[in-house]
Peer 1: 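I'd like to ask some things about the structure below.
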Amino acid sequence: MKGSKSGGGEEPINAPLIEKHLSPVTPVLQLYPQNNEIRDDLPSRVWIESKKLWHIVGPTIFSRISSYSMFVITQAFVGHLGNLELAAFALATTVIVGFIFGLLLGMASALETLCGQAYGAKRYHMLGIYLQRSWVVLTICAIFLLPVQIFTTPILKLLGQPDDLAELSGLVTIRFLQCQLKTPIIAWISLGALLIHIFLTWLVVSKLGFGVIGAAATLNVSWWIIFLGMFSYIVGGACPETWTGFSMEAFSGLWEFFKLSVASGVTLENWNYRILVLLTGNLNNATVAVSALTVCMTINGLEMMIPLAFFAATGVRVANELGAGNGKAAKFATKVSAITSLIIGIFCCTLIMIFHEKLAIIFTTSDDVLQAVDNLSFLLAITILLNSIQPVLSGVAVGSGWQASVAYINIGCYYIIGIPLGASLGWGFHLGVPGIWSGMIGGTAIQTLILSIITIRCDWDMQAEKASSRMKMLSNSLGKP
């Protein structure tokens with residue numbers, strides 16, 4: 001970061017996110033009421049800001065949990081097929097598909113800054129252009145990433161994974177080639193897809209006996225239902241101000257958008273956990289270790305839907321206020337979101353510690369896996385607590401457009417500190433999975449501390465001026481008033 005007060009330092013073009021592709025960008029921003037009312041007394045201000053925040057957070061939590069629950073349900077069915085099937089499914093979905101989808105998800109999150117600030121500046125026509133531009137960039141990148149999924153088996157073998165896991169994971173991953181477009185944004189679409197998914201998974205796995213391959217296939221179908229529902233919602237006339245039809249303007253400025261998207265993709269800290277699972281696959285008794293860690297990561301992922309909703313909401317709130325030139329309102333929105341998310345994180349952390357012996361019951365009947373998950377429950381609770389704050393801070397970066405700087409922070413914290421520390425503890429000190437995971441937690445803690453300092457020292461008025469200048473520049477480049 002350059003400068004002591006800039007918060008982001010550099011002149012960003014946009015920002016990243018971990019919400020989904022176009023997340024609630026169009027519909028959520030349209031739902032968000034532009035209310036600049038500020039009262040003097042603190043309780044009233046907190047109440048007003050909380051209503052704005054939960055107007056976004058509530059539906060987002062529901063749609064995210066509904067979407068992620070499809071993966072949880074699939075994994076639960078697979079886990080009861082056997083430890084090998086559970087571990088293979090984990091490697092395929094968490095490492096390979098998760099890595100690729102994580103990259104595309106981060107790239108798509110560049111929309112958060114652009115669309116949020118454009119909406120705050122009342123330049124509604126730009127939202128549809130940014131959306132189409134993102135489609136072009138992500139489609140091209142998805143095509144170039146196809147070989148990674150097609151050659152999953154030799155890649156996993158090259159990385160030292162057991163042959164039986166690599167072979168079965170390769171079959172599962174090929175079935176996931178279409179799932180990269182899953183972008184649930186409307187709660188009822190997500191709920192409908194979830195209900196369909198429960199029935200299809202039960203039918204294909206339990207009744208027809210297609211096993212892990214059938215489970216992966218039904219997950220693809222369910223995610224496609226979500227995508228098609230979302231797409232129909234956007235182009236079907238539900239967003240008249242921000243979607244005015246397909247335009248050739250989507251093909252202008254692609255290089256700048258691509259650079260921003262790549263920076264956004266690098267900032268995604270969920271790669272950290274993909275690598276954690278991959279490293280675990282190289283330990284002795286890898287099947288049990290990967291299965292236990294996968295259960296923990298699935299529980300963590302399900303709970304993460306809540307802070308990720310705050311991540312998205314914070315990015316939207318900050319971007320809207322900065323786009324409207326309200327720096328102090330953006331700062332206040334950050335405080336309310338961070339405190340609210342932390343309270344929820346403390347509650348979830350407490351639940352994990354209370355029910356630590358029963359966390360894996362729905363996923364497996366293996367005593368070895370159940371005991372291994374119990375042994376990891378403390379680290380899971382710490383991870384959940386840290387994750388209640390870090391996404392909110394990343395949301396501030398999203399709304400402000402600091403993604404390039406945050407990318408450097410993430411690389412340093414996760415790949416220079418977290419992973420080497422985890423590998424050292426896991427193998428050098430023979431601590432196994434707890435050691436690897438502890439190193440990752442250390443990287444997350446340092447990242448959270450750095451982002452906290454940057455956010456506290458941010459000059460919000462300066463960020464508002466930058467956002468206003470950015471919107472004018474981008475609109476003028478397209479010849480728009």
Side-chain angles (χ1 to χ4, degrees), residues 66-101 146 148-157 159 161-182 193-226 274 277-278 280-281 285-299 301-302 359-370 372-373:
S66 296
S67 175
Y68 194 83
S69 293
M70 292 190 292
F71 170 74
V72 175
I73 291 168
T74 302
Q75 185 165 306
F77 273 94
V78 171
H80 288 281
L81 295 175
N83 289 345
L84 175 62
E85 287 79 3
L86 177 60
F89 187 81
L91 282 174
T93 58
T94 302
V95 178
I96 301 298
V97 174
F99 170 81
I100 293 176
F101 181 64
L146 283 177
V148 177
Q149 292 186 303
I150 294 174
F151 299 105
T152 292
T153 295
I155 290 174
L156 289 178
K157 288 182 177 179
L159 293 175
Q161 305 304 305
D163 286 355
D164 54 354
L165 287 183
E167 294 288 352
L168 189 53
S169 297
L171 293 176
V172 173
T173 303
I174 291 176
R175 296 287 182 170
F176 274 84
L177 295 180
Q178 297 176 340
C179 76
Q180 299 168 57
L181 292 177
K182 90 174 174 76
L194 175 61
L195 295 176
I196 294 174
H197 178 71
I198 294 173
F199 172 75
L200 287 179
T201 304
W202 169 81
L203 177 65
V204 172
V205 177
S206 298
K207 291 299 181 181
L208 300 181
F210 285 107
V212 65
I213 304 302
T218 59
L219 194 54
N220 279 338
V221 172
S222 301
W223 279 342
W224 266 104
I225 291 173
I226 290 176
R274 315 298 179 192
V277 175
L278 186 61
T280 302
N285 197 10
T287 299
V288 172
V290 171
S291 297
L293 184 59
T294 298
V295 170
C296 290
M297 290 298 99
T298 300
I299 296 172
L302 184 62
L359 294 176
I361 289 178
I362 68 170
F363 297 101
T364 181
T365 56
S366 170
D367 291 335
D368 292 337
V369 176
L370 288 171
V373 172

Peer 1: Below 4.5 Å, heavy atoms only, C-beta onward: do V221 and I196 meet side chain to side chain?
Peer 2: no

Peer 1: Is T218 reaching over with its side chain to a backbone N or O of A215, donor-acceptor style, under 3.5 angstrom?
Peer 2: yes

Peer 1: If you look at every heavy atom in F77 and S206, which pair is closest and at what distance?
Peer 2: CE2-OG, 3.2 Å

Peer 1: Between CD1 of I362 and OG1 of T298, what distance do you get to the nearest 0.5 Å?
Peer 2: 9.0 Å

Peer 1: To the closest 0.5 Å, what do you measure between CG (L302) and CD1 (I299)?
Peer 2: 8.5 Å

Peer 1: Taking side chain as C-beta onward, heavy atoms only, is D367 less than 4.5 Å from L370?
Peer 2: yes

Peer 1: Hey, what do you get for CH2 (W202) to CD1 (I73), rounding to the nearest 0.5 Å?
Peer 2: 14.5 Å

Peer 1: Kindly say whether M70 contributes a backbone atom to a donor-acceptor pair with the side chain of H197 at under 3.5 angstrom?
Peer 2: yes

Peer 1: State, to 0.1 Å, how close A292 and A372 come at their nearest heavy-atom pair, and which atoms those are.
Peer 2: CB-CB, 3.4 Å

Peer 1: Side chains of V369 and V373, heavy atoms from C-beta outward: is any pair under 4.5 Å?
Peer 2: yes

Peer 1: Please report the closest heavy-atom contact between G211 and V205, naming both atoms and the distance.
Peer 2: O-CG2, 3.8 Å

Peer 1: Which atom names give the shortest non-hydrogen contact between L194 and S66, and what distance separates them?
Peer 2: CD1-O, 3.7 Å

